[in-house]
Amino acid sequence: MRHSKTYHQIKAYFYLSTLALLSLNACKKMYNLPDEKEYLNPNMSYSSQNLEPILGRTSLMGSFNSANSSLPLTFEIVNARYGDGRPVTDLFQTKPTYVWVDAYDGTETSLEAIEAKRKLEEHPLFEVRPSGQFIMWAAATEDLVAPRPKDSSDLVQNVRFFDLKISNSGGETLIRDFQVRPWLERAYEPSTDINPYTGGPAPDPRDPLNPDKQNYIRPALSNVIGVQSKRALVSNDQQKDVIAFIREVPGGTGNTIRVKVLDKDTIPIAPALFNETNWDLQVHGFNKTITTEYVQYDVAYPIPLVDIPTKYTVNGNARFNLRYSRRDLGGSRTIASIALEFKIFRKGDWEVVFQFINDNPKFEDE
């Protein structure tokens, strides 16, 4: 009896629920009631409305807070203008840019395999994504988009502004007065040797007003002993025994990178002396060529290609790590290294150069 009563209760509840649902739908049709609207919170915001991309590299910007608004939302850039009211058009030029159509994971065995995973698509140089993030594509170069003034002036008439319209079926709202202040291109990182305003040499941090001095890229050194000084060589603000350059090499194929080491007289040091270096794990490159002066690879740009960990990256960067061993006075074998973590954003033929300044590295045993 108890089971029968429970069954009838469930059956009655089902019929009543169905009847209520049918009645609600009938009422909506009879009285032409609107569908329930999505929620749109007017207090949606960004952590910052000052966007400062570096030209020549793909930059994602903007941390968006939807304030519990109903998703999805539609974003639209409107009223793009300079501070004096002139319309901004350069940011919205459409240019081809690389997008990935298949996931890159660092296991690709040829340049062709890498290129098969991406293609060129037409995109505005600057746009807002469905997530609300802003993107400045790497195709936005200095010849297309003027960077901030080289004299570091901040005149409002030179600043690009825009408003952002956000909407869903619940309505729309406007976040006003975003600013876009692009930095000029810096084709590589670290770029401590480049003045970010002028593109010329960066001043020496210890003597910034001296035009005859400049800042340099500093490699990481470990157990590198000088031949003459017999001390560990260092590279910092106080003492620059070794510096690094990242520079373009003329006359290449447009898709190579090489690494070389120069002694204090700018004579190349043979790669063979770096006898503990795994040359196959330096960069994700192909057709490795080892000469008496440098090691070169065919590569796809940018380097690294994406921001994921692979066996060729450290801390999101590519890295050259040149290692060699020698025996110390106690007979123990010591591993020494010269390393640089880096990124290169512009396609071309590049080289990373380690330059000894005050002393040469000692490769011989004690």
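- Salt-bridge check for Asp193 with Arg218: failed, with every basic side-chain N at 4.0 Å or more from each acidic carboxylate O.
- Closest approach of Val224 to Ser337, counting heavy atoms only: CG2-O, 3.4 Å.
- Using a 4.5 Å heavy-atom cutoff, the side chains of Asn43 and Thr173 are not in contact.
- Without hydrogens or angle criteria, Asp241 side chain to Val234 main chain gives a donor-acceptor distance under 3.5 Å.
- Salt-bridge formation is detected for the pair Glu351/Arg247: a Lys NZ or Arg NE/NH1/NH2 atom is positioned less than 4.0 Å from an Asp or Glu carboxylate oxygen.
- At a threshold of 4.5 Å between non-hydrogen side-chain atoms, the residues Asn158 and Arg148 do not count as touching.
- Tested against Phe342, the residues Trp350, Tyr312, Phe354, Phe320 include a single ring pair (Phe, Tyr, Trp, His ring centres under 6.0 Å) partner, Phe320.
- Smallest separation of non-hydrogen atoms from Tyr188 and Ile194: OH-CD1, 3.4 Å.
- In this structure, the side chain of Ser69 engages the main chain of Asn41 through a donor-acceptor pair within 3.5 Å.
- Surrounding CZ of Arg81 are more than 12 heavy atoms belonging to other residues, nucleotides or ligands, all under 6.0 Å away.
- Classification of Lys119 and Glu121 as a salt-bridged pair holds, one side-chain N sitting under 4.0 Å from a carboxylate O.
- If you check the side chains of Asp349 and Thr256, you find a donor sitting under 3.5 Å from an acceptor.
- Under the 3.5 Å distance criterion, the side-chain polar atoms of Thr58 are matched with a main-chain donor or acceptor of Ala138.
- Atom CZ of Arg346 and atom CD of Glu185 lie 6.0 Å apart (nearest 0.5 Å).
- In this structure, Ser325 and Glu276 approach most closely via the heavy-atom pair OG-OE2, 2.9 Å.
- Using a 4.5 Å cut-off on side-chain heavy atoms (C-beta onward), Tyr82 and Gln157 make no contact.
- In terms of heavy-atom proximity, Ala139 sits nearest to Pro96 at CB-O, 3.8 Å.
- Across every non-hydrogen atom of Pro203 and Pro208, the tightest pair is CB-O, 3.5 Å.
- Phe64 has its side chain out of reach of Ser131: every pair of non-hydrogen atoms, C-beta onward, lies at least 4.5 Å apart.
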**Asked** Arg206 and Gln238: side-chain contact (heavy atoms from CB on, under 4.5 Å), yes or no, with the steps?
**Response** CA-CA 8 Å; Arg206 298 191 70 195; Gln238 290 71 39; 4.1 Å; yes
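- Atoms OG and CZ, on Ser63 and Phe134 in that order, are 11.5 Å from each other to the nearest 0.5 Å.
- In this structure Ala80 satisfies the side chain to side chain contact (heavy atoms under 4.5 Å, CB included) test together with Val88, Phe92, Phe162, sequence neighbours excluded.
- When hydrophobic clusters are built by joining Ile, Leu, Val, Met, Phe, Trp and Tyr residues whose side-chain heavy atoms come closer than 4.5 Å, directly or via intermediates, Leu340 is not grouped with Ile335.
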**Request:** Could you check Val78 against Leu174 for side-chain contact (heavy atoms from CB on, under 4.5 Å), going step by step and ending with a plain yes or no?
**Result:** CA-CA 9 Å; Val78 297; Leu174 203 64; 3.9 Å; yes
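- Every residue meeting the side chain to side chain contact (heavy atoms under 4.5 Å, CB included) condition with Ser229, not counting sequence neighbours, appears here in chain and number order: Arg231, Leu233, Asp359.
- Heavy-atom minimum distance, Gly106 versus Lys311: O-CE, 4.5 Å.
- Side-chain rings of Trp137 and Phe126 stay apart, their centers remaining 6.0 Å or farther from each other.
- Listed for the Arg326 side chain is a donor-acceptor partner under 3.5 Å among the backbone atoms of Glu364.
- Listed for the Ser222 side chain is no donor-acceptor partner under 3.5 Å among the backbone atoms of Ala336.
- Cluster membership for Val159 and Ile175, using ILVMFWY side-chain heavy atoms within less than 4.5 angstrom, is not shared.
- In this structure the side chain of Gln282 reaches within 4.5 angstrom of the side chain of Thr277, judged on heavy atoms.
- Side chain of Arg323 to main chain of Asn278: no donor-acceptor pair is present (N/O by atom type, distance under 3.5 Å, no hydrogens or angles).
- Cluster annotation: Val352 is connected to Trp279 through the hydrophobic network of ILVMFWY side chains, with a link wherever side-chain heavy atoms come within less than 4.5 Å.
- Sorted by first and then second residue, the salt bridge (Lys or Arg N to Asp or Glu O under 4.0 Å) pairs involving residues 292-310 (not counting sequence neighbours) form an empty list.
- Applying the side chain to side chain contact (heavy atoms under 4.5 Å, CB included) test to Lys347 and every residue at least two apart in sequence or in another chain returns Asn255, Tyr301.
- Leu144 is linked by a side chain to side chain contact (heavy atoms under 4.5 Å, CB included) to Gln93, Lys95, Leu125, Thr141, counting only residues two or more places apart in sequence or in another chain.
- In this structure, the side chain of Thr198 engages the main chain of Gly200 through a donor-acceptor pair within 3.5 Å.
- Under a 3.5 Å cut-off, the side chain of Ser70 and the backbone N or O of Tyr39 do form a donor-acceptor pair.
- Hydrophobic clustering (side-chain heavy atoms under 4.5 Å, transitive across Ile, Leu, Val, Met, Phe, Trp, Tyr) groups Leu91 together with Phe75.
- Contact annotation: the side chain of Leu51 never approaches that of Tyr46 to less than 4.5 Å [non-hydrogen atoms, C-beta and beyond].
- Remark: side-chain polar atoms of Glu172 are not paired, donor with acceptor, to backbone N or O of Asn168 under 3.5 angstrom.
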Which atom pairs, one a donor and one an acceptor, fall under 3.5 Å between side chains of residues 97-105 and the rest of the protein, sequence neighbours left out?
| from | atom 1 | to | atom 2 | distance (Å) |
| --- | --- | --- | --- | --- |
| Tyr104 | OH | His284 | ND1 | 2.7 |
| Asp105 | OD1 | Thr107 | N | 3.0 |
| Asp105 | OD1 | Thr107 | OG1 | 2.6 |
| Asp105 | OD2 | Thr107 | OG1 | 3.4 |

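- With respect to the salt-bridge test (charged N to carboxylate O, under 4.0 angstrom), the residues Glu76 and Lys165 qualify.
- Between Ser169 and Glu38, the side chains place a donor N or O and an acceptor N or O closer than 3.5 Å (distance only, hydrogens not considered).
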**Message:** Is there a side-chain contact (heavy atoms from CB on, under 4.5 Å) between Thr291 and Arg258? Walk through the geometry before answering.
**Reply:** CA-CA 11 Å; Thr291 74; Arg258 68 175 59 162; over 6 Å; no
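- Heavy atoms from other residues, nucleotides or ligands lying under 6.0 Å from CG of Asp265 number more than 12.
- Within the 4.5 Å cutoff, the side chain of Met61 has heavy atoms near those of the Pro53 side chain.
- Not one N or O on the side chain of Thr313 forms a donor-acceptor pair closer than 3.5 Å with the backbone of Gly316.
- Val145 and Ile54 are members of different hydrophobic clusters when ILVMFWY side chains are connected at heavy-atom separations under 4.5 Å.
- Contact check for Arg186 versus Arg57: side-chain heavy atoms found under the 4.5 Å cut-off.
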**Request:** Begin with the C-alpha distance, continue with both residues' side-chain angles, and end with the deciding distance and a verdict on side-chain contact (heavy atoms from CB on, under 4.5 Å) for Phe356 and Ile338.
**Result:** CA-CA 11 Å; Phe356 284 83; Ile338 310 167; 3.5 Å; yes
